[in-house]
Engineer: 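Here it is, the structure, as structure tokens.
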Amino acid sequence: MKVRSIRGFHDILPEDIGRWHHIEELAKNLFELYGYSEIRIPALEFTEVFARGLGTSSDIVEKEMYTFTDRDGSSLTLRPEGTAGVVRAYIENSMYTKTPQSKLYYTGMMFRHERPQKGRYRGFYQIGAELFGADAPESDAELIAMNHNFFGSIGLSGSVTLELSSLGDGECKPAYKSMLTDYFNGHKDRLCEDCQRRLGTNPLRILDCKQKTCIEISKDAPKMLDNLCESCTEHFGRVKDSLDSIGVPYEINPKIVRGLDYYTRTVFEFTTDQLGAQNAVAAGGRYDGLVKELGGPETPAVGFAMGIERIVLLHQQVVPEGFGRRVDIYIAYLGDEARNAAFSLAHELRSAGARVGADYGGKSLKSQMKRADKSGARYTIIIGEDELSRGVVKLRDMEKSSEDEIALDLKSQP
RNA sequence: GUGCGCGUAGCUCAGCCUGGUUAGAGCACUGGGUUGUGGCCCCAGAGGCCGCCGGUUCAAGUCCGGUCGCGCACCCCA
């Protein structure tokens with residue numbers, strides 16, 4: 001029996017890594033442009049960090065966490081998302097005493113024990129950013145704009161849609177929730193099985209149900225956006241105005257339901273219709289209560305996370321070519337003496353900064369040329385006995401199929 | 001956790017319905033056609049517990065049952 005990887009976990013192979021690097025580099029550079037710094041935090045935390053952070057009724061905490069007992073009996077969990085751990089680090093390192101605002105970004109693998117499907121893995125990568133200590137709506141807008149610009153920078157503006165809503169704050173959110181529960185209770189017998197259950201757990205999700213009768217019932221349900229308190233209405237209005245003022249397009253979707261319990265006020269998702277059932281490629285929002293919930297001072301915060309696999313998948317569809325790794329020069333040789341020369345020359349060229357490919361397998365020149373072709377090298381240097389005795393090598397331009405002889409030691413810069 | 005689909009060469013798949021010689025193709029790989037020149041073409045070669053276990057049968061890649069694995073969808077979510 002061969003060894004194999006765990007279900008839902010996958011390898012990212014060399015042929016794909018160029019695209020990953022491209023996407024990750026653009027994200028990091030962009031985030032730093034906005035003043036964010038990277039923070040690296042553990043993949044493993046005390047279970048409590050997530051249980052308290054995400055809310056015990058959320059599906060993630062209820063049934064999707066990789067939780068196990070450590071040798072001393074404490075309960076540990078592999079992070080299912082990034083925010084709770086960043087908040088823990090923010091509190092533990094008293095970052096609120098250092099600067100009035102903290103702008104942090106992170107990247108790494110997250111773990112959720114779900115049934116895998118297209119664009120969904122049990123071990124998957126996210127890049128996320130969190131802004132602590134800012135309660136102004138313009139901060140929400142700036143963060144969203146940063147996310148929007150990221151999609152622009154990797155050429156996916158046309159493939160994603162920004163959906164925006166507000167969930168209300170500590171006051172109007174619970175009030176709306178009970179209003180909604182009352183409403184759906186009145187139609188309970190007509191709701192689907194799932195929705196009857198949701199009524200008890202999270203009535204907001206009923207609004208997102210795909211069953212025909214549930215959709216019908218939802219049509220006349222009270223809307224969160226009509227029931228925001230005065231300050232939340234004003235906050236949401238200013239978020240929209242700010243986005244308008246810099247031309248970031250969005251669609252209001254009052255049915256956005258985030259999976260984590262900690263969100264307040266602004267929530268948003270960048271969605272696509274090109275990835276099957278997994279339509280969210282990035283999502284986030286404001287979470288003003290979380291820092292306090294985890295034992296820190298009352299601190300407003302807003303953040304988001306992007307699913308890298310999903311973005312890579314989408315990027316592959318939109319920009320299919322051009323991310324293979326290449327070498328600049330391939331060195332082919334004939335004979336033992338020439339092999340020594342090839343070995344030294346490869347070393348020299350690499351010292352000079354060229355990406356050089358060569359294999360010393362003693363294969364035929366034809367075979368070496370094939371490998372040179374596959375390696376994507378623009379030039380192939382051919383060292384034969386003949387040339388060696390004259391102190392020259394052949395430089396073949398693989399695109400033009402032309403050859404020149406150049407001196408072995410004074411390499412002209414190709 | 002639920003439903004549906006699929007497991008045959010490194011990869012993509014045909015063959016299964018209607019059981020019957022040595023299980024096929026394309027791509028990739030190796031060698032040759034060209035004593036030292038890539039892509040296109042031609043020739044040859046190598047590469048298979050037909051996922052696994054059991055059942056039916058004279059005979060199973062093919063039919064049946066189970067099991068494991070994978071995929072998609074639901075739930076939920078990045």
Side-chain angles (χ1 to χ4, degrees), chain A residues 1-2 4-8 10 13 15 54 57-65 79-83 107-128 147 160 192-195 197-198 201-202 204-205 208-211 256-260 268-272 275-284 303-314 330 332-335 338 357 361 363-388 393-403:
Chain A
M1 196 60 171
K2 275 193 288 188
R4 56 162 209 266
S5 66
I6 299 166
R7 180 153 148 89
H10 63 130
L13 301 176
E15 62 218 56
L54 313 193
S57 71
S58 69
D59 263 53
I60 291 179
V61 172
E62 251 180 18
K63 53 186 202 192
E64 293 174 7
M65 295 204 303
R79 61 181 175 199
E81 58 102 55
T83 301
T107 178
M109 198 182 232
M110 308 299 161
F111 307 85
R112 291 183 198 173
H113 198 272
E114 305 174 89
R115 278 286 274 271
Q117 64 191 73
K118 188 180 175 73
R120 168 193 287 172
Y121 304 91
R122 289 185 173 179
F124 62 100
Y125 287 88
Q126 286 190 333
I127 301 177
N147 205 158
V160 299
C192 70
E193 211 174 298
D194 281 328
C195 284
R197 178 180 51 78
R198 288 173 180 133
T201 55
N202 193 346
L204 291 168
R205 292 203 188 292
D208 205 28
C209 184
K210 285 151 194 147
Q211 298 288 324
I256 291 180
V257 184
R258 308 294 7 277
L260 295 342
F268 64 94
E269 286 183 0
F270 284 86
T271 60
T272 177
L275 283 184
Q278 266 52 244
N279 64 342
V281 292
F304 70 90
M306 312 190 288
I308 306 183
E309 281 85 351
R310 289 182 185 180
I311 292 170
V312 167
L313 237 40
L314 194 55
Y330 196 92
Y333 70 93
L334 283 153
K363 300 264 188 188
S364 69
L365 182 59
K366 177 174 175 169
S367 155
Q368 292 185 68
M369 291 304 293
K370 276 188 178 177
R371 292 185 186 197
D373 188 42
K374 274 215 183 95
S375 75
R378 175 68 202 274
Y379 298 96
T380 300
I381 288 175
I382 301 163
I383 312 176
E385 308 285 352
D386 235 31
E387 289 85 354
L388 201 57
V393 297
K394 275 189 175 149
L395 179 69
R396 181 177 179 87
D397 184 320
M398 297 299 274
E399 279 172 29
K400 293 182 190 157
S401 298
S402 63
E403 277 178 17

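The model shown is predicted, which means the values in this text are computed figures rather than measured ones.
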Engineer: Could you tell me which nucleotide pairs with B:U57 by Watson-Crick or G-U wobble geometry, both distances under 3.5 Å, or answer none if nothing does?
Structural biologist: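 WC or wobble partner does not exist here.
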Engineer: Taking atom C1' in both B:G36 and B:C43, what distance in whole Å separates the two?
Structural biologist: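 Per the computed distance, 22 Å lies between those C1' atoms.
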Engineer: Report the residue (A:E403 or A:G119) whose heavy-atom-nearest nucleotide on RNA chain B is the more 5′ of the two.
Structural biologist: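 In this pair, the answer is A:E403.
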Engineer: Taking the P atom in each of B:C68 and B:G32, what is the distance between them to the nearest angstrom?
Structural biologist: 49 Å
Engineer: Hey, does the side chain of A:R371 come within less than 4.0 Å of B:U30's phosphate (OP1/OP2), counting only N and O?
Structural biologist: yes
Engineer: Pick the closest RNA chain B nucleotide for A:I308 and for A:Q117 by heavy atoms, then say which residue is nearer the 5' end.
Structural biologist: A:Q117
Engineer: Between the base of B:C77 and the side chain of A:R115, is there a donor-acceptor distance below 3.5 Å?
Structural biologist: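 There is none.
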Engineer: Side-chain N or O of A:R7 less than 4.0 angstrom from OP1 or OP2 on B:C70?
Structural biologist: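 So the side-chain polar atoms of A:R7 do come within 4.0 Å of the phosphate oxygens OP1 or OP2 of B:C70, strictly under.
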Engineer: Under the side chain to side chain contact (heavy atoms under 4.5 Å, CB included) test, which residues partner A:E385, sequence neighbours left out?
Structural biologist: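 Side chain to side chain contact (heavy atoms under 4.5 Å, CB included) list for A:E385, sorted by chain: A:E337.
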Engineer: Could you list all N or O pairs between the protein and nucleotides 32-35 of chain B that sit under 3.5 Å apart?
Structural biologist:
| from | atom 1 | to | atom 2 | distance (Å) |
| --- | --- | --- | --- | --- |
| B:G33 | N7 | A:K366 | NZ | 3.3 |
| B:G33 | O6 | A:K366 | NZ | 3.4 |

Engineer: With rounding to the nearest 0.5 Å, note down the distance linking CZ in A:R122 to CZ in A:R115.
Structural biologist: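 Here the interatomic distance stands at 8.0 Å.
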Engineer: Atom CD of A:E114 to atom P of B:U2: distance rounded to whole Å?
Structural biologist: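 So the CD-P distance, A:E114 to B:U2, works out to 16 Å.
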Engineer: Taking only N and O in the side chain of A:R205, is any of them less than 4.0 Å away from OP1 or OP2 of B:C77?
Structural biologist: yes
Engineer: Rounded to whole angstrom, note down the C1' distance from B:C40 over to B:U34.
Structural biologist: 15 Å
Engineer: Could I get the full list of salt bridge (charged side-chain N to carboxylate O under 4.0 Å, His left out) partners for A:D397, not counting sequence neighbours?
Structural biologist: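 In terms of salt bridge (charged side-chain N to carboxylate O under 4.0 Å, His left out), with neighbours along the sequence ignored, A:D397 is linked to A:R378.
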Engineer: Say we look at B:A23 and B:A14: how far apart would their C1' atoms be, to the nearest angstrom?
Structural biologist: 11 Å
Engineer: Work out how far the P atom of B:G3 is from that of B:C13, and round it to whole angstrom.
Structural biologist: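 Going atom to atom, P in each nucleotide, I get 26 Å.
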Engineer: Write down the partner of B:G3 under the Watson-Crick or G-U wobble criteria, each distance required to be under 3.5 Å.
Structural biologist: B:C72
Engineer: Using atom C1' in both nucleotides, what's the gap between B:A46 and B:C63 to the nearest angstrom?
Structural biologist: 34 Å
Engineer: Please give the distance between the C1' atoms of B:C11 and B:G47 as a whole number of Å.
Structural biologist: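 That atom pair is separated by 13 Å.
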Engineer: Can you check whether A:Q278 has a side-chain N or O nearer than 4.0 Å to OP1 or OP2 of B:C77?
Structural biologist: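 Checking A:Q278 against B:C77: no side-chain N or O falls below 4.0 Å of OP1 or OP2.
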